[in-house]
Amino acid sequence: MRIRVQTEDFDVGAEITQLRQQRPDIGAVAAFVGQVRDLNQGDAIAGMTLEHYPGMTEKSLEAIVQQAKARWDIMDAVVIHRIGELKPLDQIVLVAVAGAHRGEAFHACEFIMDYLKTEAPFWKKEQTAKGERWVDARASDDAARARWHKI
């Protein structure tokens with residue numbers, strides 16, 4: 001399991017290659033890559049600043065991955081989340097999960113992302129033509145996380 005919070009960009013292909021390396025028992029890798037959009041809540045976004053709580057954020061991400069491992073038979077995972085100044089089209093997050101079968105990997109990947117959005121201590125501030133604004137959690141993110149309580 002690799003968890004990283006960093007300012008620099010990441011290479012998705014290299015990260016997945018490393019996840020699979022020397023592991024013939026892995027039959028599936030499910031991955032999610034998030035990027036900064038140029039529009040949010042009807043406003044053009046020139047960029048965003050991501051802040052986090054060092055140490056606590058990494059522990060939170062580790063706990064989320066451990067919850068996924070307890071629910072599904074996954075072999076490994078990588079979570080990379082960027083912080084600092086980002087522009088539209090910049091990659092912001094990678095969640096990749098390896099397992100023997102696609103179903104386990106898909107579910108665990110989606111679970112990790114849903115919990116990351118609601119549980120990990122990150123704060124986003126967008127730059128718009130109207131000025132800067134902090135981005136609040138969305139009800140749809142809470143609903144996505146809540147559905148895992150039913151499964």
Side-chain angles (χ1 to χ4, degrees), residues 1-21 23 26 28-72 74-99 102-128 132-149 151:
M1 173 177 65
R2 288 177 290 136
I3 306 290
R4 293 198 320 261
V5 177
Q6 62 191 44
T7 55
E8 54 278 341
D9 198 9
F10 50 86
D11 181 329
V12 175
E15 295 296 338
I16 290 174
T17 296
Q18 186 176 353
L19 185 68
R20 297 173 51 225
Q21 197 163 10
R23 295 292 308 263
I26 291 174
V29 174
F32 172 83
V33 179
Q35 70 179 32
V36 179
R37 292 180 309 231
D38 66 347
L39 190 67
N40 190 28
Q41 300 174 350
D43 293 319
I45 305 300
M48 77 167 36
T49 303
L50 276 117
E51 297 179 5
H52 78 301
Y53 192 107
M56 178 187 271
T57 302
E58 292 84 354
K59 286 180 183 176
S60 176
L61 294 172
E62 288 172 11
I64 292 166
V65 172
Q66 289 302 328
Q67 287 179 61
K69 285 182 128 182
R71 285 175 167 243
W72 296 281
I74 60 173
M75 298 167 171
D76 205 353
V78 60
V79 177
I80 302 171
H81 204 297
R82 294 182 64 198
I83 55 170
E85 301 291 326
L86 299 169
K87 301 287 182 213
L89 297 177
D90 284 349
Q91 297 181 127
I92 190 171
V93 63
L94 168 66
V95 174
V97 177
R102 71 180 185 270
E104 301 280 308
F106 275 130
H107 289 309
C109 184
E110 192 171 16
F111 173 91
I112 292 168
M113 194 61 222
D114 287 346
Y115 270 68
L116 182 155
K117 290 283 288 183
T118 58
E119 300 291 322
F122 289 102
W123 298 274
K124 297 178 186 178
K125 183 172 32 174
E126 295 176 333
Q127 290 84 43
T128 72
E132 295 182 335
R133 67 179 180 205
W134 289 101
V135 179
D136 292 326
R138 296 184 308 180
S140 61
D141 293 330
D142 291 330
R145 190 188 101 232
R147 72 189 169 98
W148 295 107
H149 295 288
I151 296 175

[X] side, atom [atom1]; [Y] side, atom [atom2] - distance, nearest 0.5 Å:
X: Met48; Y: Ile83; atom1: CE; atom2: CD1; result: 14.0 Å
X: Phe10; Y: Arg4; atom1: CZ; atom2: CZ; result: 9.0 Å
X: Ile92; Y: Leu50; atom1: CD1; atom2: CG; result: 4.5 Å
X: Leu61; Y: Ile112; atom1: CG; atom2: CD1; result: 9.5 Å
X: Thr57; Y: Trp123; atom1: OG1; atom2: CH2; result: 6.0 Å

Taking it one step at a time, do Asp141 and Arg138 satisfy salt bridge (Lys or Arg N to Asp or Glu O under 4.0 Å)? CA-CA 5 Å; Asp141 293 330; Arg138 296 184 308 180; 3.5 Å; yes
Non-neighbouring partners of Phe122 that pass ring pair (Phe, Tyr, Trp, His ring centres under 6.0 Å), sequence neighbours left out: His81
Where the side chain of Arg82 meets the backbone of Gln91, is there a donor-acceptor pair that is under 3.5 Å apart? yes
Heavy atoms, side chains only, cut-off 4.5 Å: are [X] and [Y] in contact?
X: Glu110; Y: Met113; result: no
X: Thr128; Y: Ile45; result: yes
X: Asp9; Y: Asp90; result: no

Just to verify, what does [X] make a side chain to side chain donor-acceptor pair (under 3.5 Å) with, not counting sequence neighbours?
X: Thr49; value: Glu85, Gln127
X: Arg2; value: Glu15, Gln18
X: Glu119; value: Arg145
X: Gln41; value: none

What pairs of residues pass the salt bridge (charged side-chain N to carboxylate O under 4.0 Å, His left out) test when at least one of them lies in residues 47-62, not counting sequence neighbours? none
Would you tabulate the side-chain donor-acceptor contacts of residues 28-36 under 3.5 Å, counting partners in other chains and residues two or more places apart, or write 'none'?
none

What is the minimum heavy-atom distance between [X] and [Y], and which atoms define it?
X: Ala105; Y: Gly99; answer: CB-N, 4.4 Å
X: Ile64; Y: Phe111; answer: O-CE2, 3.8 Å
X: Ala44; Y: Leu39; answer: N-CD1, 3.8 Å

Just jot down the salt bridge (charged side-chain N to carboxylate O under 4.0 Å, His left out) partners of [X], sequence neighbours excluded, or say none.
X: Asp76; result: none
X: Arg133; result: Asp43, Glu126
X: Glu104; result: none
X: Arg23; result: Asp25

Considering residues at least two apart in sequence or located in another chain, which fulfil the side-chain contact (heavy atoms from CB on, under 4.5 Å) criterion with Ala77? Val65, Val97
In terms of the angle between their ring planes, are His107 and Trp72 parallel, tilted or perpendicular, with boundaries placed at 30° and 60°? parallel
